[in-house]
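Read the structure below first, then the notes.
Below, chain A is the first sequence line, B the second, and so on; all start at residue 1.
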2 protein chains.
Amino acid sequence: MPRDEQALRATVEQSAAVLTAAGFPRMPARVLMALLVAEQGGLTASELGEQLGVSAAAISGAVRYLEQIGILHRVPQAGSRRDRWEFLDDAWYTALMAKSPVYGVIAELGDRAADAIGDEQAAGSLRAREMARFYRFIDERMPDLMREWEGLRER
Amino acid sequence: MPRDEQALRATVEQSAAVLTAAGFPRMPARVLMALLVAEQGGLTASELGEQLGVSAAAISGAVRYLEQIGILHRVPQAGSRRDRWEFLDDAWYTALMAKSPVYGVIAELGDRAADAIGDEQAAGSLRAREMARFYRFIDERMPDLMREWEGLRER
DNA sequence: AGGAAGATTCACAAAATTGTGAATCCGGCG
DNA sequence: CGCCGGATTCACAATTTTGTGAATCTTCCT
């Protein structure tokens, strides 16, 4: 039982707002943050709906989205249909930052644009190639970074 | 003059679509990619409008947004009101990845959530603290990564 | 100064997102 | 076997986002 329920809820909403501002869909962000601060064992869909003051349908959509992204997983409860939802404890942020193939994709598109331009010396081509190189670099270094974090994580 | 104008435009749209899917606003994404592949000297607002097939108003809003983010800058043309817009050639991706203070903010919110929970041993508190530590880690390492890139960049 | 070309702003229309209520579905239990 | 609690889906309503056209403003050129 939290010491300061009021402040906790406020922080959940603020964190969700930050994610939303960063382009993350609103409802999934709220669910995500609610589960972040949840007790061991996660929450059921109806508990989430109650905490956030939204309909069951909204929760259903949000958890489906988050599960697909690979940030959440459903924990079936033995002998009950009230599944609980919880974090992939240690993996969710690495999933968020590293597993996303978006960097590689962007690099690919940069190269394709340069190819379409044709003249390798054209300003646009140079920029596109450099973008490709940059995102390729990020794409390669990110796993290293995550490994470094894993090491740090154990203390 | 690009060898394959058709393919170039298609790639521009695809790249913009990727950014959009990642939560980036649509019109700014298209403008950004159009300028990425532009010739030396950038493009004017009306050229952008023509290339993308949208109104001048849409361009105006998009470039204002991008300038504020710090990804674009306006280059006043001597003796003309047709300013050109171009990339901050080498800085835009580093701006995109590193200058954003969002990691530090999230770390802050994680700690605040743990404080609100009170019991440091509670599952939610542990998760929140770990999130804070992780984003703090990213926030610290990102500048290093950008420096490493700068080194690589020159060959 | 006056005219003109282009950029910006504003009010509004179109379109996409988001969340709801009601209906449907699913599994457990009496 | 049929009821009951709960989750999911669907059509729709509300809200927000996005882009347009018209009006306004700015600055260059004559």
Side-chain angles (χ1 to χ4, degrees), chain A residues 9 12-13 15-35 38 41-69 71-86, chain B residues 9 12-13 15-35 38 41-69 71-86:
Chain A
R9 292 287 159 80
V12 164
E13 292 301 339
S15 306
V18 170
L19 291 187
T20 299
F24 206 83
R26 175 185 160 78
M27 199 60 201
R30 298 180 68 199
V31 168
L32 186 63
M33 287 303 127
L35 282 171
L43 297 171
T44 65
S46 59
E47 284 169 338
L48 280 168
E50 193 179 347
Q51 275 204 18
L52 299 176
V54 297
S55 73
I59 297 297
S60 180
V63 293
R64 176 153 30 90
Y65 174 84
L66 290 168
E67 186 179 35
Q68 198 157 24
I69 299 295
I71 288 181
L72 242 58
H73 68 172
R74 162 192 258 131
V75 181
Q77 295 302 95
S80 164
R81 294 195 49 262
R82 303 175 112 178
D83 297 339
R84 310 190 85 83
W85 292 93
E86 52 178 40
Chain B
R9 294 287 159 79
V12 164
E13 292 301 338
S15 307
V18 170
L19 291 187
T20 299
F24 206 82
R26 173 185 161 78
M27 197 61 199
R30 297 180 68 199
V31 168
L32 187 63
M33 288 302 126
L35 282 172
L43 297 171
T44 65
S46 58
E47 285 169 337
L48 280 168
E50 194 180 347
Q51 276 204 17
L52 299 175
V54 298
S55 73
I59 298 296
S60 180
V63 293
R64 177 154 30 90
Y65 175 84
L66 290 168
E67 186 179 34
Q68 198 158 23
I69 300 296
I71 287 181
L72 242 57
H73 69 172
R74 162 192 260 130
V75 180
Q77 296 301 95
S80 165
R81 295 196 49 261
R82 303 175 110 177
D83 297 340
R84 311 190 84 83
W85 292 93
E86 51 179 39

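- Here the side chain of B:Arg30 pairs no donor or acceptor atom with the backbone of B:Ala16 at under 3.5 angstrom.
- Put simply, the side chain of A:Glu86 does not reach to within 4.5 Å of the side chain of A:Leu72, judged on heavy atoms.
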Subject >> Worked verdict on A:Met33 versus A:Glu13 for side chain to side chain contact (heavy atoms under 4.5 Å, CB included) >> reply: CA-CA 8 Å; A:Met33 287 303 127; A:Glu13 292 301 339; over 6 Å; no

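- You'll find the side chain of B:Leu35 reaches within 4.5 Å of the side chain of B:Trp85, heavy atoms only.
- The stretch residues 59-66 of chain B touches DNA chain C through B:Ser60, B:Arg64, each having a heavy atom within less than 4.0 Å of the strand.
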I'd like a table of atom pairs between the protein and nucleotides 14-17 of chain C - only N or O on both sides, under 3.5 Å - with the distance next to each one.
none

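- Within the model, atoms CG of A:Leu48 and CG of A:Leu43 stand 5.0 Å from one another, a figure rounded to the nearest 0.5 Å.
- Between the CG atom of B:Leu43 and the P atom of C:dG6 there is a distance of 15 Å, given to the nearest Å.
- The distance between atom CD of A:Glu47 and atom C1' of D:dA7, rounded to the nearest whole Å, is 14 Å.
- With sequence neighbours excluded, no residue forms a side-chain contact (heavy atoms from CB on, under 4.5 Å) with A:Ser60.
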**OP:** Could you encode protein contacts along nucleotides 12-23 of chain D as a string, one character per nucleotide from 5' to 3', using B for base contact, S for sugar-phosphate-only contact and - for no contact, with a heavy-atom cut-off of under 4.0 Å?
**Re:** -------SBB--

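- When rounded to the nearest whole Å, the span between CZ of B:Arg74 and P of D:dT26 equals 14 Å.
- Under the side-chain hydrogen bond (donor to acceptor under 3.5 Å, both in side chains) criterion, B:Arg74 pairs with B:Asp83, sequence neighbours left out.
- Residue B:Arg84 contributes atom CZ, which lies 10 Å from atom P of C:dA7 at whole-angstrom precision.
- Side-chain atoms of B:Glu47 come within 3.5 Å of backbone N or O of B:Thr44 as a donor-acceptor pair.
- Taken from CD1 in B:Ile59 to CD in B:Gln51, the straight-line distance is 9.5 Å, to the nearest 0.5 Å.
- Sorted by first and then second residue, the side chain to side chain donor-acceptor pair (under 3.5 Å) pairs involving residues 19-29 of chain B (not counting sequence neighbours) form an empty list.
- Crowding of A:Glu50 atom CD: a count of heavy atoms from other residues, nucleotides or ligands under 6.0 Å not exceeding 12.
- Here the C1' atom of nucleotide C:dA5 and the CD atom of B:Glu50 are 15 Å apart, to the nearest Å.
- Per the geometry, CG belonging to B:Asp83 stands 12 Å off C1' belonging to D:dC28, to the nearest Å.
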